2 protein chains.
Amino acid sequence: MKKLTEKQKKVFEFIKDYIAENRYPPTIKEIMDHFSFFSPTAVVSYLNALEKKGYIKRDKGKARGIILKEYFLNIPVIGRIPAGTPKIEEENFEEFISVSKEIFGEGDIFSLIVKGDSMKDAGIFDGDYIIVKKDVEIKNGDIVVIFYNGEYTVKYFYKRKNFIELKPANPSYNSIIIKESPLITGKVIGLLRKIK
Amino acid sequence: MKKLTEKQKKVFEFIKDYIAENRYPPTIKEIMDHFSFFSPTAVVSYLNALEKKGYIKRDKGKARGIILKEYFLNIPVIGRIPAGTPKIEEENFEEFISVSKEIFGEGDIFSLIVKGDSMKDAGIFDGDYIIVKKDVEIKNGDIVVIFYNGEYTVKYFYKRKNFIELKPANPSYNSIIIKESPLITGKVIGLLRKIK
DNA sequence: TTTCACACTGTAAATAATTATACTGTAAAT
DNA sequence: ATTTACAGTATAATTATTTACAGTGTGAAA
């Protein structure tokens with residue numbers, strides 16, 4: 001991404017701050033007033049520069065049509081998965097986790113609430129929100145969400161010679177060994193925890 | 001919070017979806033068009049109902065001045081704290097973590113990136129983003145961020161009879177015992193992890 | 001070293017388009 | 001009896017765009 005000049009940076013920062021405070025973008029006039037410009041054209045030239053350099057996108061003709069490129073990913077949280085429900089597609093989530101795109105990237109991402117302590121040595125505890133990405137290549141050692149025996153579980157994934165090992169991160173539990181190709185829902189790419 | 005009628009809910013959902021998609025709120029006309037209303041008054045009556053019931057706030061007179069009440073908390077991420085810098089006030093953060101307010105609540109909250117494995121048995125790993133809240137009461141057993149010996153560290157907090165124990169969650173490390181009252185920066189209320 | 005293009009940073013003024021509000025009225029549902 | 005759920009119309013306010021003009025600095029070419 002191209003570098004901004006000092007003043008461009010200031011304008012960009014103002015837009016960010018404005019959105020953080022007001023939850024909607026500023027108008028050209030509001031930016032103009034804030035910087036004590038005497039003409040909206042001054043602002044427009046900044047917005048053009050910011051857009052050209054890839055920092056914002058503009059919805060032309062629309063009021064407050066300034067969109068920050070570096071922005072958020074809304075992750076739907078599937079609170080309770082009724083055991084035996086293989087479709088997370090049209091889920092009835094109530095919550096969203098919104099995170100800067102830099103954190104988890106983009107893609108088909110959702111969140112599950114972990115039950116149990118079978119992954120505790122991997123730092124995944126009961127009640128944690130795991131961030132799961134669909135449609136990614138699974139490599140040995142990855143933590144995956146699989147649909148197995150009518151339930152969703154989180155395990156380490158290992159492809160062995162003649163079988164697949166789904167290994168918990170807790171010595172109290174045994175690995176699950178399966179012959180057939182498991183129904184992998186996604187790869188765990190992140191975690192979010194609330195601590196009381 | 002008062003319950004919404006079916007149609008009010010639909011309008012509210014539309015506003016939420018619109019914002020998720022466009023990053024700025026819809027105009028009255030856009031809502032009107034979406035629901036094929038023939039008059040903006042229809043929309044206004046819905047917005048009034050939503051505001052009265054506490055679901056939105058309106059910035060009167062401003063274009064797209066619809067604000068969702070249930071919204072996000074922007075947590076500044078302080079990437080690297082130069083050892084020996086006791087002020088996190090005017091920090092030079094680059095990142096924000098934006099989370100639904102339901103997750104971590106509200107308040108003076110920031111995030112630090114964990115270095116080291118001294119809290120690994122608490123499920124806090126190297127590279128994790130811990131969510132820290134200032135100005136909260138610290139109780140025994142809480143995980144806290146303290147400024148000690150020119151550095152920030154994360155430890156369990158225990159107030160003993162004649163001293164304070166700052167205990168790591170890793171048998172390889174020893175507790176820090178201090179007599180004087182430590183400079184507690186905040187309490188760890190959450191965690192966010194990226195998994196490669 | 002000078003010149004020239006070009007990006008950056010603006011002023012000024014007019015216009016077009018978008019957007020919100022206010023008032024009046026109707027009718028069904030709770 | 002009040003809330004909910006609209007239509008219709010008019011107007012005010014907000015907001016974006018466009019065109020024209022100009023100074024400053026920077027880097028490259030001559």
Side-chain angles (χ1 to χ4, degrees), chain A residues 1-69 71, chain B residues 1-69 71:
Chain A
M1 201 129 78
K2 270 190 182 169
K3 265 211 153 182
L4 297 179
T5 66
E6 268 310 305
K7 294 213 169 175
Q8 287 170 355
K9 202 180 231 165
K10 275 185 182 162
V11 173
F12 185 57
E13 289 300 324
F14 172 71
I15 295 170
K16 283 212 282 190
D17 291 348
Y18 187 101
I19 293 175
E21 200 183 318
N22 300 282
R23 245 97 99 191
Y24 47 75
T27 64
I28 289 174
K29 174 133 191 308
E30 283 164 349
I31 301 173
M32 174 184 137
D33 290 345
H34 177 263
F35 289 100
S36 303
F37 294 147
F38 288 91
S39 166
T41 319
V43 178
V44 170
S45 66
Y46 279 111
L47 295 183
N48 287 338
L50 290 176
E51 186 168 27
K52 203 171 152 193
K53 291 184 177 177
Y55 287 77
I56 63 168
K57 198 182 139 271
R58 291 237 291 152
D59 278 359
K60 271 186 69 180
K62 293 202 169 169
R64 303 181 188 278
I66 302 172
I67 298 169
L68 299 183
K69 281 283 192 74
Y71 216 70
Chain B
M1 200 127 78
K2 269 190 183 168
K3 266 211 153 182
L4 297 178
T5 66
E6 268 310 307
K7 296 212 169 175
Q8 286 170 356
K9 202 181 229 165
K10 275 186 183 162
V11 174
F12 184 57
E13 289 300 324
F14 172 71
I15 295 171
K16 282 211 282 189
D17 291 348
Y18 187 101
I19 293 175
E21 199 183 318
N22 299 281
R23 245 96 101 187
Y24 47 76
T27 64
I28 289 173
K29 175 133 191 308
E30 283 165 349
I31 301 173
M32 175 183 134
D33 289 345
H34 178 263
F35 289 100
S36 303
F37 294 146
F38 289 91
S39 166
T41 321
V43 178
V44 170
S45 66
Y46 279 110
L47 295 182
N48 288 337
L50 291 176
E51 186 167 27
K52 205 173 151 192
K53 292 184 177 176
Y55 286 77
I56 63 168
K57 197 180 139 271
R58 291 238 290 153
D59 277 0
K60 270 186 67 179
K62 292 199 169 171
R64 304 181 187 276
I66 301 172
I67 298 169
L68 299 183
K69 281 283 191 74
Y71 217 71

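Fair warning: this is a prediction, and the values are worked out from it, not measured in the lab. First the proteins, then the strands, lettered A, B, ... as listed; each starts at 1.
Proximity of R58(A) to the phosphate of dT17(D): a side-chain N or O atom is located under 4.0 Å from OP1 or OP2. Listed pair T5(A) / dA7(C) fails the phosphate criterion, with no side-chain N or O lying under 4.0 Å from OP1 or OP2.
Taking the six-membered ring where the residue is Trp, F37(B) and Y46(B) present parallel rings, their angle staying beneath 30° rather than reaching 60°. The aromatic rings of Y55(B) and F12(B) sit perpendicular, their planes meeting at an angle over 60°, well past the 30° parallel limit. The aromatic rings of H34(A) and F14(A) sit parallel to each other, their planes meeting at less than 30°, with 60° as the upper class boundary.
Mapped onto DNA chain D by nearest heavy atom, K29(A) and K7(B) fall at different nucleotides, with K7(B) at the one closer to the 5' end.
A donor-acceptor contact shorter than 3.5 Å is absent between the side chain of E21(A) and the backbone of Y18(A). Under a 3.5 Å cut-off, the side chain of R64(A) and the backbone N or O of P25(A) do form a donor-acceptor pair.
Whole-Å rounding puts the K2(B) NZ to dT30(C) C1' distance at 14 Å. We find that CD1 of I28(A) is positioned 19 Å from P of dT15(C), with the value rounded to whole Å. Between M32(A) atom CE and dT14(D) atom C1' the separation is 13 Å, expressed in whole Å. Here dA17(C) presents its P atom at 17 Å from CZ of R64(B), a figure rounded to the nearest Å. Distance, L4(A) CG to dA7(C) C1': 14 Å, rounded to whole Å. Taking atom CZ of F38(B) as the reference point, atom P of dC6(D) lies 12 Å away to the nearest angstrom. When the P atom of dG8(D) is taken as reference, atom CZ of F37(B) falls 13 Å away, rounded to whole Å. As rounded to whole Å, 8 Å separates atom P of dA20(C) from atom CD1 of I31(B).
Contact detail for R58(A) and I28(A): the closest heavy-atom pair is NH1-CD1, 3.8 Å.
Between the side chains of K53(B) and Q8(B), at least one donor-acceptor pair of N or O atoms lies under 3.5 Å.
The side chain of K62(B) approaches dT15(D) more closely than any other nucleotide in the set dA5(D), dT15(D), dT18(D). Between dA5(D), dC8(C), dT19(C), one nucleotide has an atom nearer to the side chain of Q8(A) than all others, and that is dC8(C).
Across all strands shown, dT17(D) forms a Watson-Crick or G-U wobble pair with dA14(C), both key distances being under 3.5 Å. In this structure, dA7(D) and dT24(C) make a Watson-Crick or G-U wobble pair, each of the two defining distances being under 3.5 angstrom.
Contact check of residues 39-56 of chain A against DNA chain D (heavy atom, cut-off under 4.0 Å) returns P40(A), T41(A).
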